[in-house]
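One structure below.
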Amino acid sequence: MTPHGIVVAAGAGTRFGGTKHTALLGGVPLWRRAARALEDAGIDDVLVVGDVPGGIPGGARRRDSVRAGLAEVPVFVEFVLVHDAARPLATAALVRRIVDRLALGDVEGVVPAVPIRDTVKTVADGRVAATVDRSGLVAVQTPQGFRRDALLAAHDASDEDASDDALLVERAGGSVAVVEGDPSNLKVTFPDDLAVAEALLERR
């Protein structure tokens, strides 16, 4: 199987304080590092959605940008990987785990996940309402892999927003498998996250 890749680099970066995907990590823009992770794993066709060299225009929401990318994927392509430019430290090994699981053909999607390390509580009116059993909880990352037709159908089935593409596929009744994520696959959300990413990059 030869999936195509979509890198989402169209966000406003509100919490980051400015355009995030063009921020430099080790002298390389975040969007380029994210695309390179897919390329290093053998994904030859990687499309970037965003205002970057060679990119295509994105949408108002993340899901709109992914949908714009899907429109550019040829109909004969069976699988796609969707990755966020905000995760510049994904590794080729992580990408290959996702592709290998997707290739089994028994699910519509595959997501990488890591266990939640902190205690999780629900809060109401400024007070702790309950402590959540975290044994079955994970934090989900990108890239995420999908059958192209299933992801496209999930996007077209509803205009309701979603935090990731796996949620859209779940809503449409699709099955999503989980593979081991990478704790160093940091999501750059705030300016301080970039400093942490620099430290992680130096350790590699």
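Quick note: numbers below take in every heavy atom, side chains included, and nothing from hydrogens, waters or symmetry partners.
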### Task
Answer yes or no: is there a side-chain heavy-atom contact under 4.5 Å between Val179 and Pro112?
yes
### Ser65 (side chain) donor-acceptor with Gly59 (main chain) under 3.5 angstrom
yes
### Query
Which is it for Val128 and Thr122 under the side chain to side chain contact (heavy atoms under 4.5 Å, CB included) test, yes or no, and what are the steps along the way?
CA-CA 6 Å; Val128 171; Thr122 58; over 6 Å; no
### Summary
From the list Thr142, Leu151, Asp164, side chain to side chain contact (heavy atoms under 4.5 Å, CB included) with Val82 holds only for Leu151
### Query
In terms of side-chain geometry, is the basic nitrogen of Arg32 or Glu39 positioned less than 4.0 Å from the acidic oxygen of its partner?
yes
### Task
Identify the heavy atoms of Val95 and Ala37 that sit nearest to each other, and give their distance.
CG2-O, 3.8 Å
### Query
What pair of heavy atoms forms the shortest contact from Ala41 to Ala92, and how long is it?
CB-O, 3.7 Å
### Query
Are Leu102 and Val77 linked, directly or through other ILVMFWY residues, by side chains that come within less than 4.5 angstrom of each other?
no
### Message
Give me the atom names and distance for the closest heavy-atom approach of Ala85 to His21.
### Response
CB-CB, 3.9 Å
### Task
Please examine the side chains of Gln144 and Leu81, heavy atoms only from C-beta on, and report whether any two atoms are closer than 4.5 Å.
no
### Query
Which is it for Arg67 and Asp64 under the salt bridge (Lys or Arg N to Asp or Glu O under 4.0 Å) test, yes or no, and what are the steps along the way?
CA-CA 5 Å; Arg67 183 63 182 82; Asp64 298 326; over 6 Å; no
### Query
With a 4.5 Å limit on heavy-atom distance, are the side chains of Val7 and Arg87 in contact?
no
### Message
Could you tell me if the side chain of Pro183 sits less than 4.5 Å from the side chain of Arg117, heavy atoms only?
### Response
yes
### Query
Taking the side chain from Arg134 and the backbone from Asp118, do they hold a donor-acceptor pair closer than 3.5 Å?
yes
### Query
Can you name the nearest heavy-atom pair linking Ile56 to Ala68, along with the distance?
CD1-O, 3.6 Å
### Message
Can you confirm whether Leu186 sits close enough to Val196 that some side-chain heavy atom of one is under 4.5 Å from a side-chain heavy atom of the other?
### Response
yes
### Task
Output, in order, the C-alpha distance, side-chain angles, deciding distance and verdict of salt bridge (Lys or Arg N to Asp or Glu O under 4.0 Å) for Glu160 and Arg171.
CA-CA 10 Å; Glu160 187 178 357; Arg171 286 175 181 164; 3.5 Å; yes
### Query
Would you call Leu194 and Leu30 a side-chain contact if the rule is heavy atoms closer than 4.5 Å?
yes
### Query
Taking side chain as C-beta onward, heavy atoms only, is Glu78 less than 4.5 Å from Arg148?
no
### Common cluster, Val188/Leu200, ILVMFWY with side-chain heavy-atom separation under 4.5 Å
yes
### Task
State yes or no: do Phe76 and Phe79 share one hydrophobic cluster built from I, L, V, M, F, W and Y residues joined by side-chain heavy-atom distances below 4.5 Å, directly or via other members?
no
### Query
Are Leu152 and Leu168 grouped together when hydrophobic residues (ILVMFWY) are joined by side-chain heavy atoms under 4.5 angstrom apart?
no
### Query
Hey, what do you get for CD1 (Ile43) to CZ (Arg96), rounding to the nearest 0.5 Å?
10.0 Å
### Message
Assess the residue pair Val176 and Val110 against the criterion (side chain to side chain contact (heavy atoms under 4.5 Å, CB included)); give the C-alpha distance rounded to whole Å, side-chain angles, the decisive distance to 0.1 Å, and a yes or no.
### Response
CA-CA 5 Å; Val176 179; Val110 178; 5.9 Å; no
### Task
Decide yes or no on side chain to side chain contact (heavy atoms under 4.5 Å, CB included) for Arg36 and Val28, but give the supporting numbers first.
CA-CA 10 Å; Arg36 187 179 296 168; Val28 179; 4.1 Å; yes
### Query
Would the number of heavy atoms belonging to other residues, nucleotides or ligands and lying under 6.0 Å from CZ of Arg204 be above 12?
yes
### Query
Counting N and O atoms only, with roles assigned by atom type, does the side chain of Arg62 sit under 3.5 Å from a partner on the main chain of Ser163, one being a donor and the other an acceptor?
no
### Task
Of all the heavy-atom pairs spanning Leu47 and Glu72, show the shortest one and how long it is.
CD2-CB, 3.6 Å
### Query
Can any side-chain N or O of Thr91 pair as donor or acceptor with the backbone N or O of Leu94 at less than 3.5 Å?
yes
### Task
Examine distances only and state if a side-chain atom of Asp84 and a backbone atom of Ala86 form a donor-acceptor pair shorter than 3.5 Å.
no
### Query
Say you draw a straight line from CG of Leu70 to NE2 of His4; how long is it, rounded to the nearest 0.5 Å?
12.0 Å
### Task
Give a yes or no on whether a salt bridge exists between Arg61 and Asp159, defined as a side-chain N under 4.0 angstrom from a carboxylate O.
yes
### Summary
Minimal heavy-atom distance between Val49 and Gly69, with the atoms involved, is CG2-CA, 3.9 Å
#### Entry: side chain to side chain contact (heavy atoms under 4.5 Å, CB included) evaluation trace for Gln141 with Lys187
CA-CA 8 Å; Gln141 306 174 330; Lys187 182 178 181 181; over 6 Å; no
### Query
If you count the non-hydrogen atoms of other residues, nucleotides and ligands that lie under 6.0 Å from CG in Asp193, is the total more than 12?
yes
### Message
Nearest 0.5 angstrom please: Asp192 CG to Thr189 OG1, how far?
### Response
11.5 Å
### Query
For the atom pair CG (Asp45) and OG1 (Thr2), what is the distance rounded to the nearest 0.5 Å?
8.5 Å
#### Entry: Val66 with Phe146, same ILVMFWY side-chain cluster at under 4.5 Å
yes
### Query
Can you check whether Arg147 reaches Val169 side chain to side chain, under 4.5 Å on heavy atoms?
no
### Message
Regarding Asp165 and His155, do their side chains bring together a donor and an acceptor under 3.5 Å, going by distance alone?
### Response
yes
